[in-house]
Visitor: 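This structure is in structure tokens; I'll ask about it shortly.
Naming: A, B, ... by sequence-line order, numbering from 1 per chain.
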Protein chains: 2
Amino acid sequence: MACQQANTRMATVNAVTLMKRIDSIHQWRFSVPSGPGAKLTDVAALARVSVGTVSNVLNRPDQVSFDKRSRVLAAIDELGFVRNESARSLRSGSTRSLGMLVLDVRNPFFTDVAMGAENVAEDHKHSLILANSAEDAGREQAYLDLFEQQRVQGVLITPYGQVLQRLERMRDRGIPSVLVDRLASTDQFCSVSVDDVAGGATALEHLVSVGSVRPAFVGGPFTLQQVEDRYRGAADAAARAGVPLQLFETPDLKFERGRQVGDLMGNLQPDKRPDAVFAANDQLALGLLQSFAANGLRVPEDIAIVGFDDIDFASQSSIPLTSISQPRQLIGERAAQLLFDEIDDEPGHVHSQVVFTPELVARQSTRRR
Amino acid sequence: MACQQANTRMATVNAVTLMKRIDSIHQWRFSVPSGPGAKLTDVAALARVSVGTVSNVLNRPDQVSFDKRSRVLAAIDELGFVRNESARSLRSGSTRSLGMLVLDVRNPFFTDVAMGAENVAEDHKHSLILANSAEDAGREQAYLDLFEQQRVQGVLITPYGQVLQRLERMRDRGIPSVLVDRLASTDQFCSVSVDDVAGGATALEHLVSVGSVRPAFVGGPFTLQQVEDRYRGAADAAARAGVPLQLFETPDLKFERGRQVGDLMGNLQPDKRPDAVFAANDQLALGLLQSFAANGLRVPEDIAIVGFDDIDFASQSSIPLTSISQPRQLIGERAAQLLFDEIDDEPGHVHSQVVFTPELVARQSTRRR
DNA sequence: GTTCATGGATGAATCGATTCAATACAAATT
DNA sequence: AATTTGTATTGAATCGATTCATCCATGAAC
């Protein structure tokens with residue numbers, strides 16, 4: 001009884017589906033195709049094959065005979081079928097996407113890293129969802145929520161707030177992450193970072209090698225690990241070289257701060273004034289440069305400058321800026337590779353910390369006097 | 001017979017579901033929660049309510065009594081339930097996302113526009129998927145495919161290749177789009193753009209007003225509508241002012257080209273050399289600036305420069321650069337608003353073309369001599 | 001005491017793909 | 001001729017949420 005009813009209903013459903021198909025073909029032929037697009041069953045009906053075969057054409061085309069495959073492809077084309085990704089990933093249990101959460105999309109450093117990651121993701125037929133925490137713990141959490149809801153396969157993140165615990169929980173539930181531009185403090189994660197201490201040392205050694213005897217460090221806040229490390233590297237190198245290192249601490253790393261510090265230095269007695277500056281990033285360095293230009297200090301003759309990051313504009317400044325260059329794209333690529341390693345779960349996956357050593361790019365701002 | 005079998009199978013399924021539920025609670029209580037997360041039915045069971053109620057708590061919390069609502073929320077918390085967005089949007093037929101396709105994520109112009117759009121999207125509880133066509137027609141198509149598969153609610157796009165027809169088709173199937181930084185040539189789309197002709201005119205009038213009598217335009221290729229328009233605006237303004245306008249055409253708008261053109265100008269006789277340059281964008285302008293600095297030409301004394309876009313680095317150059325500023329963030333916001341208008345289909349939606357007039361930001365590079 | 005209205009709650013049906021056990025069929029082997 | 005092997009194909013069950021027709025309980029109105 002109930003059974004009969006079920007059968008009846010089934011027949012009804014089929015009839016409706018068929019109608020819809022004919023209808024949609026009709027529309028396509030004679031007018032503008034519109035409304036909700038065709039679905040897989042429509043394609044199957046038009047190509048006179050089963051839904052399983054259509055799915056195979058989409059996912060394992062080489063397992064389908066030439067005849068049916070081409071019929072299916074023709075039907076797909078005819079109907080303008082576009083597979084519904086929500087349905088795909090609901091059933092298959094796997095989205096084809098990674099989430100990436102950076103501190104500032106407007107910072108070219110991160111967009112470069114993202115491009116590197118995107119390239120690798122593309123090779124794996126995944127897409128990269130790029131999000132911007134904008135150095136805001138709330139947004140950071142919100143985007144992690146989003147990533148979890150979207151069931152991304154993995155996350156690339158430059159953490160801002162306290163998220164490590166959460167990331168561990170996510171990993172335990174099947175969403176691994178890789179820390180970018182941060183050395184993992186635990187062995188719970190892979191990370192890709194840059195040896196800022198070495199970078200700081202390189203910068204300062206370079207200044208000494210071009211003749212500086214009164215170098216200074218400009219940067220802050222020291223709560224940023226990067227700043228701390230770069231300073232420490234520079235301080236150690238200064239000690240080794242037997243020169244003092246003056247410190248100008250700033251509340252942030254923005255251009256404006258650089259200009260302010262520059263103005264400050266410009267007002268010092270020439271013999272008190274540093275003869276070279278190592279700025280914790282290029283923004284600061286450009287600020288210094290602008291200030292010096294405005295105050296009639298010559299770079300590098302009166303004062304040399306080295307920055308950090310080697311952003312495009314370092315080389316594009318009127319006086320091209322010496323800087324410490326990080327392999328940005330490579331960082332992104334490597335991070336994505338590590339992430340895929342963990343996703344594909346080569347069972348013996350061990351978390352590894354990749355540390356790149358940044359390189360000096362010498363330009364006019366530190367030319368030997 | 002078959003009917004009986006069906007019933008039996010159903011019972012089996014229920015038993016399995018129950019087992020799984022108990023199992024997952026068990027795991028939570030006594031060990032690390034892991035494996036596939038809890039689902040909505042688990043929450044319903046733990047809170048002793050129906051699945052419909054849980055769904056209501058998630059989507060229409062005010063329609064649920066306080067008692068059950070808090071039980072559900074407690075269960076969600078206890079199980080660490082995260083709603084599966086694929087399932088949500090499959091059933092509801094609507095994703096909560098927009099796609100945005102730009103020509104170059106590394107260009108601060110586009111990241112600013114994107115941030116504006118993102119803010120509006122956030123207000124509408126949507127997320128913005130940012131993709132980079134990188135001025136590659138293939139990638140552009142591929143990302144549009146992706147957007148269609150993901151069933152985004154709408155698309156913000158700065159078209160590169162021939163995509164208008166495709167966008168029309170998408171719109172007819174329920175995915176509208178808004179053109180960004182492009183004036184829609186048809187009335188089929190909304191668009192948000194900037195009046196480049198006016199911008200070009202402004203730039204040239206400014207140069208004349210600070211005393212230029214031999215201005216030049218640098219930029220290309222003229223197949224880019226932007227370049228064409230900026231040049232035309234400048235040329236018209238020059239004609240009106242009764243000064244000639246020299247043209248230096250470039251194959252692209254990159255920094256390096258600016259430097260090359262700058263070197264070229266540096267080699268001209270001082271009385272043949274332009275006394276002011278309008279560069280089609282800031283990258284070119286910075287290239288010119290660097291070249292002039294290297295060749296000992298003083299800016300603005302020997303030659304004034306005005307750029308276009310007012311990127312951050314325009315003001316951060318050693319000699320701060322006068323530029324034509326576009327309301328980038330506003331462009332993104334407005335575009336997203338128009339898109340939501342069309343998505344929410346206020347039935348009388350008419351496509352509108354928003355055109356912002358760019359503004360001159362005068363800085364040192366055009367200071368009156 | 002009965003009817004009606006209403007806000008809350010329920011749960012089977014549903015969205016559109018993929019999966020996989022079952023089957024059909026051809027070719028190879030015994 | 002019978003059996004095995006292997007490949008191509010099928011279609012019902014499934015993923016995890018939302019939807020919505022239905023039901024329930026409570027109180028107001030008659």
Visitor: Considering heavy-atom distances to DNA chain D, does L90(A) or R48(A) have its closest nucleotide positioned more toward the 5' end?
Guide: R48(A)
Visitor: Mind calculating the distance between CD1 (I76(A)) and C1' (dA17(C)) to the nearest angstrom?
Guide: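 These atoms are roughly 13 Å apart.
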Visitor: Mind jotting down which residue pairs meet the side chain to side chain donor-acceptor pair (under 3.5 Å) criterion with at least one end in residues 57-74 of chain B? Sequence neighbours excluded, please.
Guide: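 Every pair satisfying side chain to side chain donor-acceptor pair (under 3.5 Å) with a residue in residues 57-74 of chain B: S55(B)-N59(B), N56(B)-R60(B), N59(B)-R83(B), D67(B)-R71(B).
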Visitor: Just how far, in rounded Å, is P of dA13(D) from CG of L40(A)?
Guide: 18 Å
Visitor: For the side chain of T53(A), starting at C-beta, report the closest nucleotide among dA13(D), dT19(D), dT9(D).
Guide: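 Closest nucleotide among those given: dT9(D).
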Visitor: When you measure from the side chain of V51(B), which nucleotide among dT19(C), dA17(D), dA12(C) comes out closest?
Guide: dA12(C)
Visitor: Please report the distance, rounded to the nearest Å, between NZ in K39(A) and P in dT14(C).
Guide: 11 Å
Visitor: Write down the distance between CG (D42(A)) and C1' (dC15(C)), rounded to a whole number of angstrom.
Guide: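 The answer, rounded to whole Å, is 13 Å.
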Visitor: Between dG16(C) atom C1' and L79(A) atom CG, what is the distance in whole Å?
Guide: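 Checked: the CG to C1' distance equals 15 Å.
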Visitor: Does OP1 or OP2 of dC15(C) have a side-chain N or O of R91(A) closer than 4.0 Å?
Guide: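 It does not, given that no N or O in the side chain of R91(A) lies less than 4.0 Å from OP1 or OP2 of dC15(C).
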Visitor: Taking atom P of dT18(C) as reference, at what distance in whole Å does atom CG of N84(B) sit?
Guide: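 That distance rounds to 16 Å.
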Visitor: Hey, could you give me each pair passing salt bridge (Lys or Arg N to Asp or Glu O under 4.0 Å) that has a residue in residues 118-132 of chain A? Not counting sequence neighbours.
Guide: E118(A)-R139(B), E122(A)-R139(B)
Visitor: Can you tell which of dT10(D), dG16(C), dA17(D) lies closest to the side chain of S50(A)?
Guide: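 Minimum distance to the S50(A) side chain belongs to dT10(D).
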Visitor: Excluding sequence neighbours, so at least two apart, what forms side chain to side chain contact (heavy atoms under 4.5 Å, CB included) with V120(A)?
Guide: H124(A), E333(A), A336(A), Q337(A), F340(A)
Visitor: Which sits closer to the 5' end of DNA chain C, A87(B) or R88(A), going by the nucleotide each is nearest to?
Guide: A87(B)
Visitor: Which residue pairs pass the ring-ring contact (aromatic ring centres under 6.0 Å, His included) test with at least one member in residues 42-83 of chain A, sequence neighbours excluded?
Guide: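 Applying ring-ring contact (aromatic ring centres under 6.0 Å, His included) to every pair that reaches into residues 42-83 of chain A, excluding sequence neighbours, yields nothing.
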Visitor: Does a side chain donor of either R171(B) or Q188(B) reach within less than 3.5 Å of an acceptor in the other side chain?
Guide: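 Checked: R171(B)/Q188(B) side chains pair up, N/O donor to acceptor below 3.5 Å.
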Visitor: Under 4.0 Å from any atom of DNA chain C, heavy atoms only: list the residues of residues 59-72 of chain A that qualify, in numerical order.
Guide: N59(A), R60(A)
Visitor: Distance-only criterion, 3.5 Å: show the donor-acceptor pairs between side-chain atoms of residues 159-166 of chain A and protein atoms not counting sequence neighbours.
Guide:
from    : atom 1 : to      : atom 2 : distance (Å)
R166(A) : NH1    : Q141(A) : O      : 3.4
R166(A) : NH1    : Q141(A) : OE1    : 2.6
R166(A) : NH1    : D145(A) : OD1    : 3.1
R166(A) : NH2    : D145(A) : OD1    : 2.6
R166(A) : NH2    : E148(A) : OE1    : 2.7

